[in-house]
Undergrad: 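For reference, the structure I am asking about is given below.
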Protein chains: 2
Amino acid sequence: MKVRMEDVAKLAGVSKTTVSRVLNKRGYLSAETVKKVHAAMDELNYRPNVVAQQLFKQETKLVGLIFPTVNNPFYGQLVATMEKQLFKQGFKVLIGNSMNDSNKERLYLQELMAHQVDGLIIGSHNQGVEEYKHTNLPIVAIDSTMNSDIPVVSSDNYMGGTLATELLIDHGCQVIIHTNDPETIKSPAQRRRQAYEDTMTKYGLKPVVYTIDFDLNKIEKQKRIREIFHEHPDVDGMFISNDMDAAMVMDIATQLGRRIPNDLKIVGYDGADMTKLLLPNLTTIVQPIDDMANSAVETLLRRITDGNYRNDQTFPVSVWQGKTG
Amino acid sequence: MKVRMEDVAKLAGVSKTTVSRVLNKRGYLSAETVKKVHAAMDELNYRPNVVAQQLFKQETKLVGLIFPTVNNPFYGQLVATMEKQLFKQGFKVLIGNSMNDSNKERLYLQELMAHQVDGLIIGSHNQGVEEYKHTNLPIVAIDSTMNSDIPVVSSDNYMGGTLATELLIDHGCQVIIHTNDPETIKSPAQRRRQAYEDTMTKYGLKPVVYTIDFDLNKIEKQKRIREIFHEHPDVDGMFISNDMDAAMVMDIATQLGRRIPNDLKIVGYDGADMTKLLLPNLTTIVQPIDDMANSAVETLLRRITDGNYRNDQTFPVSVWQGKTG
């Protein structure tokens with residue numbers, strides 16, 4: 001038997017009008033209400049009538065951006081570029097900095113829906129957020145795989161991992177260590193790890209991967225990095241999965257008396273404009289951040305007018321040849 | 001004769017209800033409507049009845065942040081810290097990146113009011129934005145003087161300018177150049193310029209100030225910096241008013257064959273966490289960014305419940321002793 005809107009209303013303990021408002025993003029709704037209605041839809045496996053919804057569609061000209069933080073050269077540039085582009089198209093931006101905290105991300109998502117955003121661009125890596133399934137909102141993911149319905153804009157992480165590892169091997173490194181997110185974080189950075197492992201194996205070298213959690217504080221990260229040098233005193237090459245961690249590795253290696261690049265070569269990842277300005281010596285893999293930002297905005301805006309539009313894009317990466325590797 | 005709400009409505013060509021909604025941030029309003037009503041209030045010099053407004057007060061739990069950009073270590077850290085603090089207190093954040101463009105800032109302000117934010121924290125430097133006078137919104141400014149009604153949270157820019165200049169003089173510099181925003185931008189960074197000029201004069205040295213517009217693109221900034229070295233080949237000390245420009249100056253000076261710090265000493269300004277990580281060698285004046293962010297949020301939240309609350313705070317700065325000066 002087909003589940004009706006009335007059934008959802010009854011289970012959620014709200015009126016049918018409220019369910020309709022949740023579905024159509026109309027009027028003021030508390031996060032609590034949105035949550036209850038979604039829970040009921042979930043339990044009953046309710047699928048709304050999309051055509052009926054279109055009739056009620058009301059634009060707010062607000063777009064929500066959920067990213068780990070803006071206090072990072074990669075995400076700062078992504079968010080600033082998207083904001084600029086969205087503003088040109090008449091949209092304003094609500095941001096939520098979720099770090100890698102899925103509870104915070106869930107709260108942000110509920111609140112953004114309560115504030116009736118027209119669409120979302122997501123760049124966080126919390127696979128556990130069930131609510132993305134319930135929303136009829138247009139969503140685009142950057143460098144993040146949400147679920148198969150959501151278009152993804154990314155750069156070629158496998159190519160980046162291959163370029164970084166081959167660069168270190170070409171420059172004579174033998175003991176090459178890679179750092180990455182924990183494998184529980186299903187970020188596309190895991191493709192960089194795969195490429196590293198494949199490349200090492202191809203050249204008959206042993207892959208060694210350390211995890212450095214993005215959300216660790218500075219002291220904990222430093223401790224983790226010191227462990228690497230303690231456990232692998234013979235390391236002569238490091239492929240670090242983001243530039244801020246690479247800067248920290250450079251700092252600690254220098255404190256430990258390693259000469260870069262003579263004793264130790266380092267390759268980072270991301271290559272944001274700000275990093276290239278502040279730390280031009282760091283050899284790194286450059287993601288085309290502005291292209292990715294503009295592509296995500298374009299895809300979202302088309303998806304807002306045509307719910308079936310999708311255009312998954314993978315941009316090539318390049319090498320910024322500094323002096324560290 | 002007292003101007004009434006009816007007069008405003010008539011001149012703006014809208015209903016009295018619409019004027020009331022603009023004043024009370026109720027219901028959906030287009031930016032165009034908000035603008036028309038403000039223009040009429042301006043022309044008639046209308047001052048709303050604040051007590052009557054309180055009756056209609058409706059919280060949205062949204063706070064607007066208007067800052068030049070998040071793609072900058074100083075503003076990125078400020079915005080990320082405020083967002084974290086506001087989220088803890090149950091508020092979500094709308095951001096507008098205004099650069100130093102007063103038209104864009106005006107549009108953002110209108111839109112944020114149309115979206116019914118409960119308050120604003122402003123860190124841009126566009127004095128020309130008249131709309132701030134019309135809003136009854138609680139506002140707090142960071143490092144920016146809007147008008148006398150608005151509380152300001154800042155760090156001690158005069159102290160910072162003095163510290164930077166004295167540091168260069170103590171280290172033996174004789175020809176010390178300072179860069180800053182154009183004087184048309186009434187940013188508190190102008191206090192740094194004043195301190196530089198006073199300190200130079202006190203020590204019998206000639207102050208030389210170059211303006212570098214924050215909004216210039218990279219190529220234009222590089223050109224401007226090359227001009228300084230061309231026009232003052234004998235420069236042996238530079239006090240640069242933000243760290244990103246200081247990084248660019250370091251880069252160009254090195255290209256021109258200057259050895260830092262032997263031939264040329266450089267002191268930057270801001271000292272964001274990210275800058276200290278990526279460019280620890282840069283000697284710089286550190287603003288206590290997290291303290292400023294937390295203080296601005298606290299003042300805003302108190303002002304939302306008590307419109308008369310104000311607590312202007314000026315935090316001391318400190319020196320990050322790197323290797324450039």
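Here is the naming used below: chain letters follow the sequence lines, and residue numbers restart at 1 for every chain.
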Undergrad: Only pairs of heavy atoms separated by less than 4.5 Å count here; which of A:Ala247, A:Ala246, A:Ala272 has the most with chain B?
TA: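 Winner by heavy-atom pair count: A:Ala247.
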Undergrad: Select one option (side chain, backbone, both, neither) describing which atoms of B:Lys218 are under 4.5 Å from chain A's heavy atoms.
TA: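 Contact with chain A involves no heavy atom of B:Lys218 at all.
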Undergrad: How many angstroms lie between atom CE of A:Met248 and atom CG of B:Leu278, to the nearest 0.5 angstrom?
TA: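 Rounded to the nearest 0.5 Å, the CE-CG separation comes out at 9.5 Å.
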Undergrad: Find out whether B:Leu277 and A:Leu279 are in side-chain contact, i.e. whether some heavy atom of one side chain is under 4.5 Å from a heavy atom of the other.
TA: no
Undergrad: Report the distance from atom CG of A:Leu94 to atom CG of B:Leu62, rounding to the nearest 0.5 Å.
TA: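 Result: 6.0 Å between the selected atoms.
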Undergrad: Looking at NZ of A:Lys104 and NZ of B:Lys84, how far apart are the two atoms once the value is rounded to the nearest 0.5 Å?
TA: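 The NZ atom of B:Lys84 is 7.0 Å from NZ of A:Lys104, to the nearest 0.5 Å.
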Undergrad: How many angstroms lie between atom CG of A:Asn71 and atom CG of B:Leu78, to the nearest 0.5 angstrom?
TA: 9.5 Å
Undergrad: With a 4.5 angstrom heavy-atom cut-off, could you sort out which part of A:Asp273 is near chain B: side chain, backbone, both or neither?
TA: neither
Undergrad: If you look at every heavy atom in A:Gly76 and B:Val70, which pair is closest and at what distance?
TA: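 Between these two residues, the closest heavy atoms are O-CG2, 3.7 Å.
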Undergrad: Using 0.5 Å steps for rounding, measure from the NZ atom of B:Lys61 to the OG atom of A:Ser30.
TA: 12.5 Å
Undergrad: What I'd like to find out is whether the side chain of B:Phe87 reaches to under 4.5 Å of the side chain of A:Asn97, using heavy atoms alone.
TA: no
